Amino acid sequence: MAHIVTPLDRPSTYKDSRSNIERSHQAEMLSKSCTLYIGNLSFYTTEEQIYELFSKCANPEDGGGLKRIIMGLDRNQKTPCGFCFVEFYTHAEALACMRYISGTKLDERIIRCDLDLGYQEGRQFGRGKSGGQVRDEHRTDYDAGRGGWGAQVAREAVYRDAETGPGAVATGGEGWKQQPTDTPQSLKRKREYEDEEDGEGEGPRANPKFRADREDDE
């Protein structure tokens, strides 16, 4: 029976693309890790809430305890962006969180826990182009807990407003900048000037009635 039940404390097969550690060595390190990566957090979840939840798996009587929490931040705005690292003093405490906390709700969101190789300075910042997490770059649904629309949808909305909204900027080719040298009005005036110079002929300027009408109009 045990072979058909997936252990809840088994780490995922995720491998940090910026890590040069081989997968075989990674498995060995995770078997001793005291650090957890926590994902799918709300942007509004506080460090105090995380501490309260994960301290339930701390075991200070056996020399353990919750060591520290590192909040994930937007690289540009320095605001929470939906993940964090939780460090314990013992590997057993980290495994307990995998068993009893991963898959439960915090701030009405199902959070995910995974064993991590260990926090290093710089990993607290999102790696997405907009400064947040990569998963929020391509999200097309509205998620109030994750800042609303995904970054890609938000950028497209800004572009649409720039083209069609108030104060829109003209886009397209450069042809609109090139004005024709001879517009119909200029051609008309050119013919009129030529008729005046000739003084006679079949043009409209040769007709006295036309000249009288123009004087009345002016």
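Since the model is a prediction, treat every value here as computed from it, not as a measurement. All values below were derived from every heavy atom in this structure, side-chain atoms included, with hydrogens, water molecules and symmetry-related copies excluded.
- R139 contributes no side-chain N or O that, together with a main-chain N or O of V134, makes up a donor-acceptor pair within less than 3.5 Å.
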Could you go step by step and tell me if F88 and L36 meet the side chain to side chain contact (heavy atoms under 4.5 Å, CB included) rule?
-> CA-CA 8 Å; F88 287 93; L36 291 167; 3.9 Å; yes
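- Taking both residues in full, the closest heavy atoms of C97 and C113 are given as O-SG, 4.3 Å, listed atom of the first, atom of the second, then distance.
- Annotation for E47: atom CD counts as buried by contact number, over 12 foreign heavy atoms lying within 6.0 Å.
- No donor-acceptor pair closer than 3.5 Å links the side chain of T79 to the backbone N or O of D74.
- L73 and P80 get closest at one heavy-atom pair: CD2-N, 4.0 Å.
- Each of T45, I111, L66, D107 was checked for a side-chain contact (heavy atoms from CB on, under 4.5 Å) with I50, and the lone residue meeting it is T45.
- Atom NZ of K15 sits in a crowded spot, with more than 12 heavy atoms from other residues, nucleotides or ligands closer than 6.0 Å.
- The line from CD of E52 to OG1 of T46 is 9.0 Å long, rounded to the nearest 0.5 Å.
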For the pair F54 and I38, evaluate side chain to side chain contact (heavy atoms under 4.5 Å, CB included) and give the outcome as yes or no after the intermediate values.
-> CA-CA 11 Å; F54 283 87; I38 316 301; 3.4 Å; yes
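- No continuous path of hydrophobic side-chain contacts links W149 to Y44 [ILVMFWY only; heavy atoms under 4.5 Å].
- Summarising the geometry, atom NE2 belonging to H91 is positioned 8.5 Å from atom CG belonging to L30; distances are rounded to the nearest 0.5 Å.
- Note that SG of C57 and CD1 of I101 are 3.5 Å apart. Values are rounded to the nearest 0.5 Å.
- Atom CG of L41 and atom CZ of R112 lie 9.0 Å apart (nearest 0.5 Å).
- Within a 6.0 Å radius of CZ in R23, more than 12 heavy atoms belonging to other residues, nucleotides or ligands are found.
- Taking every heavy atom of both residues into account, L117 and S19 meet most closely at CD1-OG, 4.2 Å.
- Listed here is the closest heavy atom pair of K129 and R75: O-NH2, 3.8 Å.
- Checking side-chain atoms of Q26 against main-chain N and O of Y14 turns up a donor-acceptor pair under 3.5 Å.
- Hydrophobic clustering (side-chain heavy atoms under 4.5 Å, transitive across Ile, Leu, Val, Met, Phe, Trp, Tyr) keeps L115 apart from L8.
- Rounding to the nearest 0.5 angstrom, the gap separating the CG atom in D116 from the CG atom in D16 is 8.0 Å.
- A salt bridge links D143 with R109: the closest approach of a Lys/Arg side-chain nitrogen to an acidic carboxylate oxygen falls below 4.0 angstrom.
- We find the CZ-OG distance between R146 and S42 to be 8.5 Å, quoted to the nearest 0.5 Å.
- Cluster partners of F85 are Y37, I70, F83, Y119, counting Ile, Leu, Val, Met, Phe, Trp and Tyr whose side-chain heavy atoms approach within less than 4.5 Å, directly or via other members.
- Between Y89 and C34, the shortest heavy-atom distance links the atoms O-SG, 3.8 Å.
- In the displayed structure, R127 atom CZ is contacted under 6.0 Å by more than 12 heavy atoms of other residues, nucleotides or ligands.
- Under the 3.5 Å distance criterion, the side-chain polar atoms of Q49 are left unmatched by any main-chain donor or acceptor of L106.
- A pairwise comparison of heavy atoms in M71 and C84 identifies CA-CB, 4.0 Å as the closest pair.
- In this structure, Q120 places its CD atom where only 12 or fewer heavy-atom neighbours from other residues, nucleotides or ligands lie under 6.0 Å away.
- Checked against ring-ring contact (aromatic ring centres under 6.0 Å, His included), Y51 has no partners two or more places apart in sequence or in another chain.
- Between D114 and M98, some side-chain heavy-atom pair lies under the 4.5 Å cut-off.
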